[in-house]
Chemist: 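Mind having a look at this structure? Questions to follow.
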Amino acid sequence: MSVLQDRRRVLPPVDTIPLQFKEDEGSSGSKETTIARTRTIRPIFIKQSVVANASGSAYLEVEDIKLQCSVYGPKPIRGSFTQQADLLVEAKLPSLGQDASNDKSASIEKDITSFVQTSITPGIILTQYPKSCINIMITVISADLENRNFKSLLAAATNVASLALVDAGIALYDIVTSASVLLSRNENGESLYFDPETPRESEDIEGVLSFMTGQDESNIVGMWLDGENITSKNLTTLTESAKEAACQIRTLFNGVILQEFHDKEQEASNSK
Amino acid sequence: MTLPGYVVPGQIISPLIEKEGNVVRRYKPGHGVVERDFGNVKALSATLVGKIQIVSLDGKKEDDIVMVDDEDLENDKKSKVKGKPTELVFQINIENKFNYGSSDNVSSTRVGTSVLPEVGDIVYAKVVKLTLVQTHVEILVVENQGTISAESGLGVHASADGVVGLPPLASGQGSASSSGDIAEGFGGIIRIQDVRATQRDKVKIQESFKPGDIVRALVLSLGDGNNYYLSTARNDLGVIFAKSAAGEHMYPIDWQTMKSSVTGALELRKCAKPF
């Protein structure tokens, strides 16, 4: 073993070959059955406290997108004194069964990381944690990066990180929720899709926006739009509709986290 | 006005001051609650998921206050004649899953959620290293706040359902932050002048602490990046648990001597007053 090797990683043997799966012929037809939804989001499955040794964790599933997020911290840091906590976000794509295009997955990981970090940071009261750092690790268990909408993955990643932070009991100004939207433009006119499944086509605009909807619904904390010739009217439509979707997600989250708290409370009083 | 029973982060709980007839109620932020500015109004907002718990800060129970309130509404005239405004102060805490059912958070005066040591906190720490001028310790518990890390106790290499190995930190290309290393624990230093309050110049570190001792100490300052500064210069602070050179438990017999429970051998320590 070379001296310079990073010993913190558990490395596989050097001659490891990634698993290769046979292309499932039956599944190619099912991709076209995508139904065009308009103002609804896809059903979301969420669960908190899935990792026992993390400070907090969450699992989120929206159709093919499966994400797990764990939060570690606040942990002590070495080095100089800091008045507030450092926030570290790290994303990991599944490495098995993928082509060896490492550069590509690294850039996707970076995209996820930077968007989630931008969105999540304003929601956390970092000043309550001096001299420490909070680590957020997002693991993409499954996601179709080729044929599905990447903005929807970003929204899901932001949402799962928010849930894990709530689970960790880290002080939050507000829960950040994120939603993706797609404005389809063609000769027939414009149509808007919440939580799009397919990536945009040439004339479309797609975007993902993060909100803190607790008190003031117009608190945008993260934004990423792709598309050409975006008019101010388009922008308004996109932000307004993303806000509506983010509020829907927030309502769901509120319900679920309160329910999980009630369940735990019930458990605690039963065991007494 | 009714306060919410259960809250989620970001939810507004109450205004700072509320006036109802002759009763003025002031609400102060407690555990898991922060004061926030909403435009021109200040209000209390939740930072955790949990159950709202109201503690009266002027000694009256909440039930009494509700009764007073009802009377006020009924005998509005009477109280107007009296013309004596009552001021009541409450602290609002959030009971979350980490401290559910414990009475600790009632006595908690901490604003916010953090269990990290703050100036003025009493902490329990383990002595790890002695030098001639200071004692190095590792802070384990903050009194009335709980252990420092929620994951502590279940080590990184523990094997239980759902335990996931700790990922390599800040090493991947996907990381967007440039933060530095993770330290071993929350370190602290007790300097020689902070060991006891009297005859500070005669203190010898070797005769006050030994590695492995558990010390009850006061946080003097957040210190530098590496260490908190702690003090044991009070009667109720000092070594609370120690083993002798032979490894037997010892009990304190006076403020500077501990006795082995088996052999009766005496060793020097700066002891905390037991009761």
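Proteins come first, then strands; the chains are lettered A, B, ... in the order of their sequence lines, and each starts at number 1.
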Chemist: Within 45° of the axis and under 6.0 Å from the centre of the six-membered ring of B/Tyr228, does NZ or CZ of A/Lys131 qualify?
Modeler: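 That pair qualifies as a cation-pi contact.
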Chemist: Side chain from CB out, backbone as N, CA, C, O: work out which of these in A/Ile257 comes under 4.5 Å of a heavy atom of chain B, or both, or neither.
Modeler: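 For A/Ile257, heavy atoms of backbone and side chain both lie under 4.5 Å from chain B.
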Chemist: Is there side-chain contact between A/Lys75 and B/Phe186, with at least one heavy-atom pair below 4.5 Å?
Modeler: no
Chemist: Do you know which two heavy atoms are closest between A/Phe81 and B/Leu222, and how far apart they sit?
Modeler: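 Scanning both residues, the minimum pair turns out to be CE1-CB, 3.6 Å.
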Chemist: Are more than 12 heavy atoms, taken from residues, nucleotides or ligands other than A/Lys66, located less than 6.0 Å from that residue's NZ atom?
Modeler: yes
Chemist: Contact part of A/Ser132 toward chain B, heavy-atom cut-off under 4.5 Å: side chain, backbone, both or neither?
Modeler: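 Answer is side chain: those atoms of A/Ser132 sit under 4.5 Å from chain B.
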Chemist: For A/Gln128 and B/Val34, work out which heavy atoms get closest and say how close.
Modeler: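 That would be NE2-CG1, 3.8 Å.
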Chemist: Of the non-hydrogen atoms in A/Glu265 and B/Tyr6, which two are nearest, and what is the gap between them?
Modeler: OE1-OH, 2.9 Å
Chemist: Side chain from CB out, backbone as N, CA, C, O: work out which of these in B/Ala43 comes under 4.5 Å of a heavy atom of chain A, or both, or neither.
Modeler: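 Interface part for B/Ala43: neither.
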Chemist: Apply side-chain contact (heavy atoms from CB on, under 4.5 Å) to the pair B/Leu116 and A/Tyr129, showing each step before the final yes or no.
Modeler: CA-CA 7 Å; B/Leu116 302 183; A/Tyr129 307 100; 3.9 Å; yes
Chemist: If you round to the nearest 0.5 Å, how far is CG of A/Leu172 from CG of B/Leu48?
Modeler: 7.5 Å
Chemist: If you take all heavy atoms of B/Val8 and A/Arg250, which pair is closest and at what distance?
Modeler: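 So the minimum-distance heavy-atom pair works out to CG2-NH2, 3.8 Å.
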Chemist: I need the A/Ile125 CD1 to B/Ser45 OG distance, nearest 0.5 Å.
Modeler: 7.5 Å
Chemist: Return the minimal non-hydrogen interatomic distance between B/Pro9 and A/Asp174, and the atom names on each side.
Modeler: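 Scanning both residues completely, I find the closest heavy atoms to be O-OD1, 3.5 Å.
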